[in-house]
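To start, the structure itself, in C-alpha cells.
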Amino acid sequence: QVVLAESGGGLVQAGGSLRLSCAASGLTFNWYTMGWFRQAPGKEREFVAAISWSEGSRSYADSVKGRFTISRDNAKSTTYLQMNSLKPEDTAVYYCAADRSATMKSRPDYWGQGTQVTVSS
C-alpha cells in the first residue's frame, strides 16, 4: 500500500516561511517524480512544483517561482517544499503527489491526504 504522508502545514503570517515534508512508503521512491499541488476553497486543485527522481529537473508554477523550492532526499524517501515570502493567496490544502512518469501528470498515480497552509494578512 502506497502512503504519502504530508506534514509541516500550519498558520503563518504573510511574509513568513513554512517547510512541508512528504514521507513516502510502499513504493520505490527513486522511480517516481514527486510533486506538490494545492487546492484553495472553491477552486480547482492546481500544480505547484515537481522534481524528477534524479533531482535533475525541477518545475514550478509561475505563481510560486522564486519563492518556493522543491527538493527530495531519496535515502529518506521524503520530498520537501520550502515556502518563503508566503502570501495570503498561498492559503490552501497542499497535497503531495507521486508519478511514475518522467514528468508530473495533472492526475498523478498517488496522492497524499493533504496538509493545511493558512497565511494571514
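Just so you know, these numbers come straight off a predicted model, no measurement behind them.
In terms of the side chain to side chain donor-acceptor pair (under 3.5 Å) criterion, Q113 has no residue partners (sequence neighbours excluded). Taking the side chain to side chain donor-acceptor pair (under 3.5 Å) definition, one finds that S120 meets it with nothing, sequence neighbours left out. In this view, T118 and Q116 satisfy the side chain to side chain donor-acceptor pair (under 3.5 Å) rule, not counting sequence neighbours. For E89, the salt bridge (charged side-chain N to carboxylate O under 4.0 Å, His left out) test picks out no residue, with sequence neighbours left out. Applying the side chain to side chain donor-acceptor pair (under 3.5 Å) criterion to S101, with sequence neighbours excluded, gives D99, K105. Residues satisfying the side-chain contact (heavy atoms from CB on, under 4.5 Å) criterion with S85, sequence neighbours excluded, are R67. The side-chain contact (heavy atoms from CB on, under 4.5 Å) check on K43 picks up A40, with sequence neighbours excluded. Under the side-chain contact (heavy atoms from CB on, under 4.5 Å) criterion, V119 pairs with V12, A14, L86, P88, D90, T91, V117, not counting sequence neighbours.
Atom CD of E46 sits about 9.5 Å away from atom CD of Q39, to the nearest 0.5 Å. To the nearest 0.5 Å, the span separating OH on Y80 from CH2 on W36 amounts to 10.5 Å. One finds the CZ atom of R19 at 6.0 Å from the OG atom of S71 (value rounded to the nearest 0.5 Å). In this structure, OG1 on T33 lies 9.0 Å from CZ on R100, to the nearest 0.5 angstrom.
Taking hydrophobic clusters as Ile, Leu, Val, Met, Phe, Trp and Tyr residues chained together by side-chain heavy-atom distances below 4.5 Å, Y110 shares a cluster with I70. Both L81 and V64 belong to a common hydrophobic cluster when Ile, Leu, Val, Met, Phe, Trp and Tyr are linked at side-chain heavy-atom distances under 4.5 angstrom.
In the hydrophobic clustering, where aliphatic and aromatic side chains (Ile, Leu, Val, Met, Phe, Trp, Tyr) are joined below 4.5 Å either directly or transitively, L11 stands alone. Residue W111 shares its hydrophobic cluster (ILVMFWY side chains chained together at separations under 4.5 Å) with F37, F47, V93, Y95, M104.
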Distance-only criterion, 3.5 Å: show the donor-acceptor pairs between side-chain atoms of residues 20-32 and protein atoms not counting sequence neighbours.
none

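Contacts classified as side chain to side chain donor-acceptor pair (under 3.5 Å) and involving residues 2-13 (residues at least two apart or in different chains) are not found.
Side-chain atoms of R72 come within 3.5 Å of backbone N or O of S52 as a donor-acceptor pair. Using a distance-only test at 3.5 Å, with no hydrogens or angles considered, no donor-acceptor pair links the side chain of R38 to the main chain of V48.
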